[in-house]
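Single-structure report; data block below.
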Amino acid sequence: MSMFPDNDSPTNLAEYSVSELSGSIKRTVEQAFDQIRVRGEISGYRGPHSSGHAYFSLKDDRARIDAVIWKGSFSRLRFRPEEGMEVIATGKVTTFPGSSKYQIVIETLEPAGAGALMALLEERRRKLAAEGLFDAGRKRPLPFLPPVIGVVTSPTGAVIRDILHRIADRFPVHVLVWPVKVQGEGSGEEVAAAIRGFNALVPGGAIPRPDVLIVARGGGSLEDLWSFNDEIVVRAAAASEIPLISAVGHETDWTLIDHAADRRAPTPTGAAEMAVPVKADLEAAVAALAARLRGAAVRQMDGRRQGLRALARTLPSLDQLLALPRRRFDEASAGLGRGLHMNTLNKRRTFERVSAHLRPELLSGRLVERRQRVVEALRRAERVVERRLDQGRARITALDAALRTTPSRILARTERSRDRLKGLALRADTALAGDLSRRKALLGAQDRILQSLSYRNVLSRGYALVRDEAGHAVKQAAAVSAGAVLSIEFADGKVDAVAGATASEVASPAPPPQPPKRKPAKSEDSGSAPPKQGSLF
């Protein structure tokens, strides 16, 4: 197209094509700013591209310009540029006609000091670190398999799609998205409100409370990520009761929320990988563990079975187990008869030792004492009965005198009392008679014991008792002299005899000696007690 106006043009202005205009601007800018020095802060630096060129921006507090360092110039730099560094760049300004942008092509670069944003960021980092918000001790571990995951990010970007796709591939769980602005005015307040909102959810409510939070954003310059350096966002992340993963920017991007979060992910996709494990790996691990468990159980059962068989072989037989008890039983049975014989002898000796102390005098004395006790008890019982009868008669007489003037109801009660008193008197007589019968039976039993120990029972079996003239028992034949007068007592009577003389020689025997006087004793069965005597054995 011609640079001169046509004859039919309504004006005298020249007409340019877009390419001609862009080329003219490019030549004008390059001629005007062929060699300049620019002071600014590096922003959006990601290192050299795969082609070797480096693309970033230079900025100050009011403006920004794109910058590029070609591969040849980058290799000749004395130092490597860093994000936030304030530098002085020397180069030329050119345009890029394809997008109507201008940029500075840097040939040399030298540092000029830390940038304003980096200085502010460093000051804020030190302040929050001094408060303990970045301490490693307050960071909590992430749950192994969270049922619900909360994501704070932009709903329209590629970040949320990457997170959802990665979670669905690894282990599908319930994901709640809180949409926020991740860049620009008010984005920091929205991110902090989203973190607080997730923590405010009640467990078991209508909206499930997340078990882990992911705060995510894609890559960008320091200005683009500045919302995540806001103090309100950092404090909200540090105060979160739910474990929080920070996934802001790329791996080389660091923000203050990365220090306050419980875990930092290099990318949003890496945050999804941190949040949930791989389901297939878990299933494979469970299957492997189940196989190992089955193998271990089989090996353990085989080992136990072999051990049981070995123990069974070492067990002794039944005859070996019973050999010693059988021998002890035989020895005990062999000594049983001897033991019984010795036990019988010991019991007999004990009985003889005890029976030696049983004398008729002792038994007769006890019988006399018991008879006296019974008689005294009878007398006391009679006196008690008589006294009670007198008291009853006196009471009845008084009641009878009083009843003559009392109503019929009192008379009936008195009659019942009289009948009760008669019953009690009858019961007292019965009890007294029963007690007397028991005491008589006891006294008779003791008398029978005394009679069984009396020497008269011995005489009834054919024995005789020999006494001298003084009435003493003669126990030995050597104690009898010739001509001594003896008295022989049989069970049915007494016979006088003279020692050493025949029946014809005894013309007039001497009168028999008088037996000793017997001590009278009161008894219902016999009138007198047997005389005392010495031992017959």
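Numbers here are sequence positions counted from 1.
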Yes or no on salt bridge (Lys or Arg N to Asp or Glu O under 4.0 Å) for D435 and R438, after CA distance, side-chain angles and deciding distance?
CA-CA 5 Å; D435 185 65; R438 287 193 298 273; 3.5 Å; yes

Mind checking whether [X] and [Y] have side chains closer than 4.5 Å, heavy atoms only?
X	Y	answer
V215	L244	yes
T90	Q35	yes
V384	R388	yes
S227	V182	no
L345	H341	yes
V276	V173	yes
P143	P243	yes
T153	V180	no

With distance as the sole test, does [X] use its side chain to make a donor-acceptor pair with the main-chain N or O of [Y] at under 3.5 Å?
X	Y	result
D281	P277	no
T344	L340	yes
N346	M342	yes
E20	S17	yes
R217	G219	yes
D60	R62	yes
R209	L201	yes
S75	G72	yes

Are the charged groups of [X] and [Y] less than 4.0 angstrom apart, N to O?
X	Y	answer
R76	E107	no
E189	K181	no
E122	R126	yes
D135	R138	no
R124	E231	no
D302	R299	no

From [atom1] ([X]) to [atom2] ([Y]), nearest 0.5 Å:
X	Y	atom1	atom2	result
I214	L176	CD1	CG	11.5 Å
M85	F56	CE	CZ	11.0 Å
T94	K26	OG1	NZ	2.5 Å
L256	W226	CG	CH2	7.5 Å
I149	D211	CD1	CG	8.5 Å
E30	I25	CD	CD1	12.0 Å

Over all atoms of both residues, closest heavy-atom pair of [X] and [Y]:
X	Y	value
R39	I88	NH1-CD1, 3.8 Å
P210	F198	CG-CD2, 3.4 Å
A237	I257	CB-CG1, 3.9 Å
A381	L432	CB-CD1, 3.3 Å
G44	E83	N-OE1, 2.9 Å
D34	K92	O-CB, 2.8 Å

List the steps and the verdict of side chain to side chain donor-acceptor pair (under 3.5 Å) for S154 and T156.
CA-CA 6 Å; S154 173; T156 59; 3.3 Å; yes

Taking everything shown except R395 itself, do over 12 heavy atoms lie less than 6.0 Å from its CZ?
no

Exceeds 12 heavy-atom contacts within 6.0 angstrom, atom CZ of R263:
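12 or below, so no.
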
Can you list everything that forms a side-chain contact (heavy atoms from CB on, under 4.5 Å) with Y102? Sequence neighbours excluded, please.
I65, V93, T95

When the ring planes of F134 and H259 are compared, do they come out parallel, tilted or perpendicular, using 30° and 60° as the limits?
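Answer is tilted, since the angle falls between 30° and 60°.
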
With L164, which of V159, V175, V151 fulfils side-chain contact (heavy atoms from CB on, under 4.5 Å)?
V175

cation_pi(K101, F96) dist<6.0 Å, angle<=45:
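No, a cation-pi geometry is absent between K101 and F96.
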
Start with the C-alpha gap between E331 and R327, add the side-chain angles, then the distance that decides, and say whether salt bridge (Lys or Arg N to Asp or Glu O under 4.0 Å) holds.
CA-CA 6 Å; E331 293 177 355; R327 181 176 179 181; 3.4 Å; yes

Is it true that the side chains of N229 and T255 contain a donor and an acceptor less than 3.5 Å apart?
no

No-hydrogen, no-angle side-chain donor-acceptor test under 3.5 Å, T269 and D162:
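There is no such pair between these side chains.
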
Sequence neighbours excluded, every pair satisfying side chain to side chain donor-acceptor pair (under 3.5 Å) that has a member inside residues 63-72
S57-R64, S57-D66

Please walk me through it: do D330 and R326 pass salt bridge (Lys or Arg N to Asp or Glu O under 4.0 Å)?
CA-CA 6 Å; D330 294 339; R326 282 175 179 171; over 6 Å; no

Going through the checks in order, is the salt bridge (Lys or Arg N to Asp or Glu O under 4.0 Å) test met by D262 and K139?
CA-CA 5 Å; D262 296 301; K139 298 182 183 299; 5.9 Å; no

Considering residues at least two apart in sequence or located in another chain, which fulfil the ring pair (Phe, Tyr, Trp, His ring centres under 6.0 Å) criterion with F228?
none

